[in-house]
Amino acid sequence: MPLTLSVIKADVGSIGGHIAPSPELLDVVERTVAWEGAALLLDYRVSHTGDDVAILMTHEEGVGCEQVHHLAWEAFLAGTEVARRQGLYGAGQDLLKDSFSGNVKGMGPAVAEMEVEERAAEPFLFFAADKTDPGAYNLPLYLAFADPMSTPGLLLSPKMSRGFRFVVMDVAHVEGDRVIELEAPEQLYDLAALLRDPERYVVESIWSRATGEQAAAVSTSRLHNIAGKYTGKDDPVMLVRTQMNFPATGEVLAPFQIAPYVAGGMRGSHHQPLMPVRLDSGTSYFDGPPCVSAAAYSVHEGRLTGPVDAFAHPFWDMVRTRAAEKAVEMRRQGFFGPAMLPMDELEYTGIVEKLRELDKRFRVRAAAPAAVALGLP
Ligand code: 13P
Ligand code: 13P
Ligand code: MG
Ligand code: MG
């Protein structure tokens, strides 16, 4: 029976603004999963990154299983109830529909799932990012799975040398899943041409070309595409299997040292660096900076061992310091230029209304007086 790894995450309320969920909220989510998932799940873990609560589950029900999704939905509803009782901010923020209808995809929560034939040793990484969107993983995934300058395994391992297949989604298309498959290394430039635009094109999954096994799964939902208005950022989760025919754990982690500028931070409307943080971290500076945690697990017959906190190592302190410097540097220019997202990505309608109002006040000036005097056209 293949094993399914499912992670479903949602922001259902947080303390002091968009910082972190309360211990009581996490506790009720965990107890709901434990109680209602007893006969369904092989194992589970509940964690948070920033204000987002993630439920990691192992089971044998396959991807998109209604009972598994329903369980997560119920757990988030229970968390919402606690958030309301505690006056937490944004209670039920990511639960965009009133009632559950078969699958949480398109209902607000982020989902990353994959079905795997469990290897004798099955190490994987669970990434959760807050105050950013799914395209934030484009660069680290490109480097880890397609660039031998970053991942020596692409040169050293015969299976990895056959390359990887990337499935990329056009997240601007809301009527259905619009995807393209690209093969690395042959179609590297095509891949780069899409991944350079992380607000539009998002890596959804990665597959080994040598064995056909799935290596990575990313949540691709864009909340403002679902809701049609600002509802919070589309804080993404990702599962990546490592070692053997896949990049080593360290090869998957390494690109995160770049702390690249991503869309996110304050009001989901800025460019800020993606800071690797410890598990169960909150947010702070400028409602951010955008952050990513990495939980390393091993799984055997569906039982999880871990997590080990992959960004807790002292190496990442240097990266955090540099990310903080990058954050401040970008903030020095306030609303100007690339500090703020382009108009069509801004999460607030207020500025759109303001510009519509201003637009009416523009006038096309009559021919300049000097030109008229000279008889010029
Ligand atoms: P070990 O020899 O510690 O198993 O490491 C293998 C390796 O090269 C990982 O990158
Ligand atoms: P969340 O999407 O994490 O709730 O953040 C909202 C926001 O934009 C805070 O400034
Ligand atoms: Mg929030
Ligand atoms: Mg969040």
Side-chain angles (χ1 to χ4, degrees), residues 7-22 25-26 29 46-55 72 76 79-80 82-84 86-96 104 107-112 126-137 171 198-199 218-238 261-293 327 330-331 334-335 339-342 345-352:
V7 56
I8 305 185
K9 78 93 226 172
D11 174 351
V12 292
S14 47
I15 307 174
H18 292 280
I19 297 180
S22 67
L25 188 162
L26 287 165
V29 169
V46 173
S47 61
H48 81 93
T49 296
D51 58 7
D52 297 307
V53 179
I55 311 171
F76 289 135
T80 300
V82 170
R84 289 214 174 94
Q86 295 186 315
L88 303 190
Y89 195 69
Q93 176 184 285
D94 289 355
L95 307 184
L96 302 181
V104 294
M107 300 183 69
V111 185
F126 158 45
F127 291 92
D130 186 32
K131 306 295 184 275
T132 186
D133 52 26
Y137 295 127
V171 292
E199 306 320 305
V218 182
S219 65
T220 47
S221 53
R222 297 290 317 264
L223 291 183
H224 76 262
N225 292 348
I226 300 170
K229 60 178 171 44
Y230 179 75
T231 49
K233 263 277 160 229
D234 322 291
D235 308 325
V237 286
M238 168 164 82
Y261 286 111
V262 294
M266 178 60 67
R267 299 173 185 276
S269 301
H270 293 82
H271 280 126
Q272 284 280 282
L274 184 64
M275 179 185 278
V277 294
R278 291 187 174 85
L279 298 179
D280 300 312
S281 293
T283 57
S284 176
Y285 173 74
F286 201 54
D287 276 7
C291 60
V292 58
S293 64
M330 188 61 105
R331 283 309 304 143
F335 61 77
M340 205 181 251
L341 294 188
E345 281 296 328
L346 288 183
E347 308 273 9
Y348 284 74
T349 49
I351 190 162
V352 178

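In each ligand, atom 1 is the first atom listed, and ligand 1 is the first ligand listed. All heavy atoms count here, side chains included; hydrogens, waters and symmetry mates do not. As the structure is a prediction and not an experimental result, all values here were calculated from the model.
In this structure Asp130 satisfies the side chain to side chain donor-acceptor pair (under 3.5 Å) test with no other residue, sequence neighbours excluded. By the salt bridge (Lys or Arg N to Asp or Glu O under 4.0 Å) test, Arg84 is found to be paired with no residue, residues two or more places apart in sequence or in another chain being considered. Applying the side chain to side chain donor-acceptor pair (under 3.5 Å) criterion to Ser293, with sequence neighbours excluded, gives Thr49.
The nearest N/O/S atom of Asp130 to the Mg ion (ligand 4) is OD1. Asp235 contributes OD2 as its N, O or S atom closest to the Mg ion (ligand 4).
Of all the heavy atoms of Asp130, the ones lying under 4.0 Å from any atom of ligand 2 belong exclusively to the side chain.
Listed by number with element, the atoms of ligand 2 under 4.0 Å from a non-hydrogen atom of Asp287 are 9 (C), 10 (O).
Taking only nitrogen or oxygen atoms, main chain and side chain alike, Met266 does not reach within less than 3.5 Å of ligand 2. Between Asp52 and ligand 2, not a single N/O pair is under 3.5 Å apart.
Near-neighbour remark for the Mg ion (ligand 3): protein N, O or S atoms under 2.8 Å are Asp11 OD2, His18 ND1, Asp51 OD2; waters not counted.
The closest heavy-atom contact to atom 3 (O) of ligand 2, among the options Lys131, His270, His18, comes from Lys131.
Within 6.0 Å of atom CZ in Phe286, more than 12 heavy atoms from other residues, nucleotides or ligands are found, so the atom counts as buried in its surroundings.
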